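Below: one structure in structure tokens.
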There are 2 protein chains.
Amino acid sequence: MPKETFFNLPDDKRNLIISAAIEEFSGASYNEASINQICSKSKIPKGSFYQYFEDKLDLYVYIMSLAIKEKIKFFSSALTEFNTLTLMEQIRLLFLKGIEFSREYPQYAALGEQFTKENDEMAKSEVLKEGTKQSETLFSQMINNAKAKGEINKDVDTLALSLLLQSLNSAINNYMQDKYGNSNYETYQEDVNNFVDSLLNIIFNGIK
Amino acid sequence: MPKETFFNLPDDKRNLIISAAIEEFSGASYNEASINQICSKSKIPKGSFYQYFEDKLDLYVYIMSLAIKEKIKFFSSALTEFNTLTLMEQIRLLFLKGIEFSREYPQYAALGEQFTKENDEMAKSEVLKEGTKQSETLFSQMINNAKAKGEINKDVDTLALSLLLQSLNSAINNYMQDKYGNSNYETYQEDVNNFVDSLLNIIFNGIK
DNA sequence: TTATTATATGACCACATGGTCATATTGTCA
DNA sequence: TGACAATATGACCATGTGGTCATATAATAA
């Protein structure tokens, strides 16, 4: 955790440091990212940096945990209505929410994307200590739940389907970000819905 | 391309350098990978390195092109029998071949994995100049082909299915590598087949 | 005012990086 | 043997890194 001095900083200054760090860590891996760059971007001397943070890892974990916190907050609103939905509606909601998150918080989404690429084991494990990955188990729970209700065939392999949904979810986000990254919102919203429905149609009805 | 001096080297020495470079580039990004490390691993002085290669990028592109060449060679044998197969059989073959490749050439698979994570635009574009990515179009071709034959429903979105298959393919490879990375071959072969069939079953028959 | 504590600051450190280059060694012809 | 080219080599360079620390400044309390 950052030192108390950091949290005593005026909001403007603190936020400037945070956004400089987000910028740096969303475009480079942990080892490639540079503290010197973050310092000059946020216009603080090197010495001040170490007055605010224990070390590079301290800042990295803090920034990543901000992104995780925001994502959980963003999804939690949708999660309350989850029990009233069928599996297909649940998955649909999850996919759409994921795309929406990338749209609304592109910097945080970029941080997440960068984290999935991370090579440094120490940096990875320290972040995972903070935010336990719940998406994997979330899909599994949803599937087993739907099986119990008789919504989907019991012969379907839970692990296989969970893996499929997970990989699909991240693939969709990347694809949408690439294609509609900067376009206007009107055509976008419709295309997104159509595309997600195409995918769900494949998964639920097969392609035969 | 490496200089002539490099190709004039005795096989042993040349291969030692190559494998040291593979090791380095499969565990670190382009910028994180270190020439000093490669030199000391392969026991050649720094000066000799620059007698063999133009610069770091030269070596990087060369090593990646070796991996690409090997993968194409590995898949090409399977591709000849492709026309006689149904779409499901084609996909099945592709998935299984992919897993087999990761098993047989783990270093090359790791290189490919690392390349998908690469941040450095220059390094990325130089490699892509060498090996054009054909997997994306390959899936699309297969799907349209199967539609024409009436093998699968024409209403299925080609792009969506192609994206699904692609992301699934890489997800499978990662999953299998994680789970069976070092285990024995007996139970492995059977499990792999079952798992791939579970996935194909979902895609072709839906989960309802 | 003075004493004490919390910050701010940039010169500095040891180390690693990609890359160079003058020099030494070897191989190959005549 | 001598001459010329091909290689081998490691000290060296400028630059960047994460991190430290003595000192200067500001804020607070008596």
Side-chain angles (χ1 to χ4, degrees), chain A residues 1-18 20-21 23-25 27-64 118-124 126-127, chain B residues 1-18 20-21 23-25 27-64 118-124 126-127:
Chain A
M1 269 297 248
K3 299 179 185 174
E4 217 185 309
T5 317
F6 176 68
F7 294 106
N8 291 339
L9 248 33
D11 286 8
D12 280 0
K13 193 169 180 181
R14 201 174 54 250
N15 288 331
L16 187 61
I17 296 171
I18 290 175
E23 205 181 311
E24 184 72 11
F25 283 125
S29 72
Y30 175 71
N31 283 306
E32 284 163 353
S34 154
I35 288 182
N36 287 334
Q37 287 295 323
I38 293 173
C39 285
S40 60
K41 259 180 216 161
S42 58
K43 280 155 195 156
I44 59 164
K46 188 78 156 291
S48 295
F49 181 91
Y50 286 93
Q51 206 95 25
Y52 306 147
F53 305 98
E54 295 293 341
D55 51 24
K56 191 184 188 181
L57 191 54
D58 187 27
L59 172 63
Y60 182 73
V61 172
Y62 175 66
I63 292 294
M64 285 299 171
E118 187 52 57
N119 278 323
D120 191 289
E121 291 301 328
M122 181 66 74
K124 246 174 26 182
E126 279 309 304
V127 169
Chain B
M1 270 297 248
K3 300 179 185 174
E4 217 186 308
T5 318
F6 177 68
F7 295 107
N8 290 340
L9 247 36
D11 286 9
D12 279 1
K13 193 170 181 181
R14 203 175 52 250
N15 288 331
L16 187 61
I17 295 171
I18 290 176
E23 205 181 310
E24 184 71 11
F25 283 125
S29 72
Y30 175 71
N31 284 307
E32 284 163 352
S34 154
I35 289 183
N36 287 333
Q37 287 294 323
I38 293 173
C39 285
S40 60
K41 259 180 213 162
S42 57
K43 280 155 195 157
I44 59 166
K46 189 77 155 289
S48 295
F49 180 91
Y50 286 92
Q51 207 95 33
Y52 305 147
F53 305 99
E54 295 293 341
D55 51 23
K56 193 186 188 181
L57 191 54
D58 186 27
L59 172 64
Y60 182 74
V61 173
Y62 174 67
I63 292 295
M64 284 299 170
E118 188 52 57
N119 278 323
D120 191 288
E121 290 302 327
M122 181 67 74
K124 242 170 36 177
E126 281 306 306
V127 169

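Quick note: numbers below take in every heavy atom, side chains included, and nothing from hydrogens, waters or symmetry partners. Every chain is numbered from 1, with letters handed out A, B, ... down the list of sequences. Please read these numbers as outputs of a predicted model, since none were measured by experiment.
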Query - Sequence neighbours excluded - side-chain hydrogen bond (donor to acceptor under 3.5 Å, both in side chains) pairs with any residue from residues 42-53 of chain A - result: A/N36-A/K46
Requested in this report: Look up atom CG in B/L9 and atom CG in B/L16, then write down how far apart they are to the nearest 0.5 Å.
Outcome: 10.0 Å
Report summary line: Comparing nearest nucleotides in DNA chain D, the 5'-proximal residue of the pair A/N31, A/G47 is A/N31
Requested in this report: Under 4.0 Å from any atom of DNA chain C, heavy atoms only: list the residues of residues 51-58 of chain B that qualify, in numerical order.
Outcome: B/D55, B/K56
Requested in this report: Starting from P on D/dT7, measure out to CD1 on B/I17 and report it in whole angstrom.
Outcome: 13 Å
Query raised in the report: Toward the 5' end of DNA chain D, which comes first, B/L9 or A/Q37, by nearest nucleotide?
Result: B/L9
Query - With sequence neighbours excluded, residues passing salt bridge (Lys or Arg N to Asp or Glu O under 4.0 Å) with A/D12 - result: none
**Report entry** Range on DNA chain C touched by chain A - first to last nucleotide, heavy-atom distance under 4.0 Å
**Finding:** C/dT7 to C/dG10
Query raised in the report: Contact class for A/T5 (heavy atom, under 4.0 Å): base, sugar-phosphate, or nothing?
Result: sugar-phosphate
Query - Flag for A/E32-B/S29: side-chain donor and acceptor within less than 3.5 Å - result: yes
Query raised in the report: Tell me: CD of B/E4 to P of D/dA5, nearest whole Å?
Result: 16 Å
Query raised in the report: Rounded to the Å, how far apart are A/I44 CD1 and D/dG18 P?
Result: 13 Å
Requested in this report: Kindly give the heavy-atom pair with the smallest separation between A/L57 and A/E126, and that separation in Å.
Outcome: CD2-CG, 3.7 Å
Query raised in the report: Which distance, rounded to the nearest 0.5 Å, do you find between the NZ of B/K56 and the CG of B/D120?
Result: 8.5 Å
Query - Residues which pass ring pair (Phe, Tyr, Trp, His ring centres under 6.0 Å) with B/Y60, listed by chain and number, not counting sequence neighbours - result: B/F25, B/Y30
Query - N/O donor-acceptor pair under 3.5 Å between A/E24 side chain and A/S34 backbone - result: yes
Requested in this report: To the nearest Å, give me how far apart CG (A/N8) and P (D/dT28) are.
Outcome: 11 Å
Report summary line: Taken to the nearest whole Å, OH/B/Y50 to P/D/dC12 is 19 Å
Query raised in the report: Looking at residues at least two apart in the chain, or sitting in another chain, which of them share a salt bridge (Lys or Arg N to Asp or Glu O under 4.0 Å) with A/E118?
Result: none
